[in-house]
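Counting convention: from 1, in listed order, for ligands and their atoms alike. For the single chain, residues carry numbers from 1 onward in sequence order.
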Amino acid sequence: MTASDPVSRAAELRALLHRYGHEYYVLDAPSVPDGEYDRLFRELEAIEAAHPALKSTDSPTQRVGGKPLPQFQPVPHAVPMLSIRTETDVTAQGALAFDASVRKELALTEADAPVDYAAELKFDGLAISLRYEGGVLVRAATRGDGVTGEDVTQNIRTVGQIPLRLFGNAPPLLEVRGEVYMRRDDFDAMNEKQLAAGAKTFVNPRNAAAGAVRQLDPAIAATRPLSFFAYGVGEVSGWEGAPAAHSALLDALAGFGLPVCAERVRTQGGAGLAAFHDRVAGLRAALPFDIDGVVYKVDALALQQELGFRSREPRWAVAHKFPAQEMLTTVEAIDVQVGRTGAITPVARLQPVFVGGVTVTNATLHNEDEVRRKDVRVGDTVIVRRAGDVIPEVVGVVLERRPMVDEAGGDLFSPVQRPQYAPFELPKACPVCGSHVVREEGETIARCSGGLFCSAQRKEAIRHFAGRRMMDIEGLGERYIDNLVDLDYVHGIADLYRLTLADLLEMKQRADERDGMVPETVKAGQVASKWAENLIDGIAASKRPPLARLLFALGIRHVGESTAKTLADWFGDLALIRQAPAPLLRVLPDVGATVADSIADFFAEPKNQQALDALLAAGVAPADTHAPSAAWRDKLAPAELYAALGVAKLTPVRARQLAEVAPSPQALIDLDESTLSGLPADVRASLLAWLANAENGAMLRALGAQRDALLESLPADLAPQGVLSGKTLVLTGALPSLTRDEAQAMIEAAGGKVSGSVSKKTDYVVAGEAAGSKLAKAESLSVAVLDEQGLRALLGGV
Ligand code: IVH
C-alpha cells in the first residue's frame, strides 16, 4: 500500500530508498531494478520540491553515493568525484534541451556558431580514480560519497587493462577517472564457473564488477574478469602542453596506455548529440558491455570552467539515458501456449509496462522448470527485462511483494502467513484440444500429444508455412488463419490452395456473426471482397517457391533455413528428399544425426507424405528442381555411408574396412559373414546384430536404391581423369620424404583412392620404412608394392 499524504509518503520513500541504496551500494545485491529505484527517487524529489519543509539532510536525495566500507582505508579526493545530471527525457528532445541550456548559460545567440561537444558512452560499472605519480600507479580509490572514497589499490592492480606505469611523457601527477566494468561474455563465463563451483551467481555485470572491486581479498578479485575505460581526470599538476579540450584529453590518456572507448565522437550542436544518442541506441545490444545511456560534455575546457557547477553537478555535462531495460510489474495470470510442434510454453500475462521502449503485456516463461526455478506465481511482482530486440523475459520475482493470506491455525497476534497463490503447475491436458501433455525423460519441453488433431498446432503449422521466409503468402494474417481453422475451411496446408472467393466470403460472414460484429455495410447488403481477392491472389502467387523455402515451410523439426538450403542444393529434387533414408542425410555437411533422423522421421510418417502429395496435387511445385549436386560422388562412397549407418563401434576406419568387402549397400545385405574376419570381434558382433534387425535391412535396401538413383542422375564427372583414377592404394610404413597426408593428397589428386587395408582389390601398396603386416599381406596376395620413388614415377615423376 502507498500512503497518500506527502509526509508519510516521503518517509516511506526515504525508508525504501535507504534500503535499496544499501542493497545496491554496500551489499551489491539489489532486490529491485534500477528503473524502479530511479522512479521512487524522482517521486521523492518531486515531493521535496513541492514541500521544501520535508527535505531533510538524511534524505537519499541529499547525497552523492554510498558510504565507504569500514574495512577499506578512506581516501579523500582532492578533486571531488561528482556525479552528472541525468536527462530523463529519453527522446532526442533530451539532447536538444541540454544544448539549449548550455547556450543559454553561455549567453549565445542564434547568430553564434554551434557548441562543440564530446559525446561518449555511459558505462554501467563502478567509478574509480587512479592516481599516477611520476607515471606510476600509486593509489586507486572508489568514489564513495564523492568526497571520500575507499582505497582499493590492491584489487585494481589485478585488472590487467589498467597500466601500472604510464607510457610516454606523463605529467608528474595525474589522477585518471574512469569506469571499471565487466564485459557481458566475461560475466557469463564467470557466472558459469560460480555455478559449477556451487557458489553464488551475480545478477548483472555491474554488480559483479562492483563486488570484485570491493572484494576484501585481492586474490579473489584477481579471478574476476574486470575491464576499464578512462573518461576524465581528477587532480593534475605539471602537465606541460595539457590539452585544451576534453576530446583531446582522452586522446592523450589513450596515448599514455589507458583504455579509452573508441565509441565516442566530437560533434556540434544539439542535433549532433541527438544523432549520437540515436546511433548508440541502435548499437547498444551489439556492444560487448552494458551501457545505460550516453554522456555529453562541452568539449572546450575553458567553456567547462565558465559554465561551472550547480549544486555539485557540472553544468557542462549531462547523462542522456535510454529507455530502461528492466522494470517491475505484476503477473495477472500464467497461461500456456501451444506451438507448432506441440511445445507447451508457459506465458506470464502482465500488467502492461513500458520497458525497453515498448509496452510489454506478455513474457515467456520458457518451460516448466524455468517457472519452478524462478517460482513465478499469479499476483507476483516481477522484474521484466527487454533488451534490444529480444523477447521480453521475466528475470525474477520480488518475493517480499508476494501477496500473502493468513493461514488457518495461526493465532490472532502472530498469524501464520502463506502465499495466496500456489506454485505454477503445467496442465495435464492440452488447453486447446484436450490431448495428453507429455514430457519425455530428459526433455525440458512438454508437448501436446494431439499432433495435427490439435487446432493450435494446425494454426501454427499454417502460420509457419505462410511466413515471409517460407511460402510468403501475402495477406494470410493471423486472424484469417484462426478463422480458417476454427471454422473448418482449412485442415491442412494443401487446403489453402483449394479455397475459393466464395469460401472466404462465407468464412468472414460466419466469423462476424459468431463474434456479433457484422459491419453496417454488410447489413446494408454490401460485401467487401477486395481482401478476399487479394488473399486468393497471394495464395496463387506462392505456388512456385524455391525448393529450399518449400522444405523450410513444411515445418520439419530441426530444419531451419540453412538445412533446407543444404537439402535443396544437394538433392535438387523433392522426390529424392522425401525418400531419403537417414544415413544419406547424415553424410551431408552440417547435418548431424539428430537433424537427419528428424527429417527421415518426418517423411516416414504417412500423414506427412499424404499432406505433401495433396500439396503437389493442388499445383504447388518447386520452381528450381535440378539434378543432384556432383559433390554427391564422394559422399556416396560405401565407406562414407557405412560410417553414417549408426552401427555401434563402426568407426570411419572400420567402415572403410567394411567397404572393401561390401562395396555397396546391397553387398552388405548379402554379406558372407566369413569375409568379416578382418574386423575386430566386437565390431563384427555389433554389425551382425544390426544387420539382423529387419528394419535395418529394409533401410539398407532403400539406401542402395537411392544411392543408385543418385549416381545415375549425377551430372557427368567433369574432373579430368587422373593417372590413378579407379585405383586403390594402401600406404604403409614411413616414406623417406613424404608424410602420410602428403602422399594421400598426391594420390587423390591423381584420381586414386587410399584405403586403410590391403585386399585383393588393392592395386598398389606403397611401403616405406618399417612396413609391417600390410606389406606381408600384399606379398601374399601378390599385390604390386612400390616405394616412394615408385609412387613418384607412377604419378609422372613429381
Ligand atoms: S563523467 C564530472 N563520463 O556515470 C563528471 N561519467 O554520474 C564526471 N559514467 O558514476 C563523470 N560513463 O562513473 C562520465 N563517459 C562517462 C561515464 C561516466 C559512466 C558514470 C560515472 C559516474 C556517473 C556520473
Side-chain angles (χ1 to χ4, degrees), residues 21 24-25 28 34 37-38 41 60-61 63-66 77-88 95 98 102 117-130 140-147 149-150 152 156 162 175-183 204-207 209-210 213-214 226-236 245-247 249-251 253-254 258-267 273 276-277 280 283-284 287 289-299 301 303-305 307-322:
Y24 179 101
Y25 285 109
D28 297 321
D34 296 357
Y37 183 94
D38 290 347
F41 195 92
T61 59
R63 66 167 172 183
V64 190
H77 297 299
V79 175
M81 291 183 77
L82 301 179
S83 62
I84 40 182
R85 189 173 65 81
T86 299
E87 174 58 64
T88 46
F98 172 62
V102 167
Y117 292 107
E120 299 163 12
L121 305 183
K122 186 165 192 298
F123 314 109
D124 204 5
L126 184 79
I128 208 94
S129 182
L130 307 173
T142 63
R143 185 169 89 175
D145 63 4
V147 177
E150 306 146 318
V152 289
I156 287 303
I162 295 180
E175 264 181 21
V176 177
R177 302 267 162 95
E179 197 90 348
V180 172
Y181 67 97
M182 198 178 281
R183 289 169 53 102
N204 59 38
R206 197 215 25 247
N207 290 297
V213 169
R214 310 252 289 287
L226 294 173
S227 300
F228 174 77
F229 279 132
Y231 56 61
V233 294
E235 194 181 0
V236 179
H246 178 79
S247 51
L249 184 85
L250 293 192
D251 293 341
L253 295 184
L258 288 152
V260 174
C261 183
E263 215 53 73
R264 62 189 169 105
V265 297
R266 187 165 169 270
T267 187
L273 297 177
F276 182 75
H277 186 258
V280 175
L283 205 72
R284 187 182 187 189
L287 289 172
F289 47 83
D290 284 350
I291 57 172
D292 62 353
V294 289
V295 177
Y296 311 138
K297 299 171 183 172
V298 171
D299 200 30
L301 301 182
L303 290 185
Q304 288 191 2
Q305 279 242 293
L307 284 158
F309 295 83
R310 176 188 50 219
S311 65
R312 310 186 55 74
E313 285 172 352
R315 285 200 190 84
W316 46 264
V318 76
H320 193 188
K321 295 224 175 187
F322 294 125

Closest approach of [X] to [Y] (non-hydrogen atoms, all atoms of both residues):
X: H246; Y: G232; result: CE1-CA, 4.3 Å
X: I291; Y: F322; result: CD1-CE1, 3.8 Å
X: I84; Y: P314; result: CG2-CG, 3.6 Å

Is [X] touching ligand 1 with its side chain, its backbone, both, or neither, if touching means heavy atoms under 4.0 Å apart?
X: L121; result: backbone
X: K122; result: both
X: A127; result: both
X: R177; result: neither
X: V295; result: side chain

Ring geometry between F98 and Y117 (parallel below 30°, tilted from 30 to 60°, perpendicular above 60°): tilted
Mutual orientation of the aromatic rings belonging to H320 and H277 [parallel < 30°, tilted 30-60°, perpendicular > 60°]: parallel
D299 side chain to S247 backbone, donor-acceptor under 3.5 Å: yes
Set of salt bridge (charged side-chain N to carboxylate O under 4.0 Å, His left out) partners for E179, sequence neighbours left out: none
Which residues share a salt bridge (charged side-chain N to carboxylate O under 4.0 Å, His left out) with R284, sequence neighbours left out: none
What residue and heavy atom of the protein are closest to [atom], and at what distance?
atom: atom 13 (O) of ligand 1; result: E179 OE1, 2.3 Å
atom: atom 12 (N) of ligand 1; result: F123 N, 3.1 Å
atom: atom 21 (C) of ligand 1; result: Y231 OH, 3.0 Å
atom: atom 7 (O) of ligand 1; result: I84 N, 2.9 Å
atom: atom 8 (C) of ligand 1; result: L82 O, 3.8 Å
atom: atom 2 (C) of ligand 1; result: P314 CG, 3.8 Å
atom: atom 10 (O) of ligand 1; result: R143 NH1, 3.5 Å
atom: atom 3 (N) of ligand 1; result: K297 NZ, 2.9 Å

Carboxylate-amine/guanidinium proximity below 4.0 Å for R206 and D292: no
Non-hydrogen atom of T86 closer than 4.0 Å to ligand 1: no
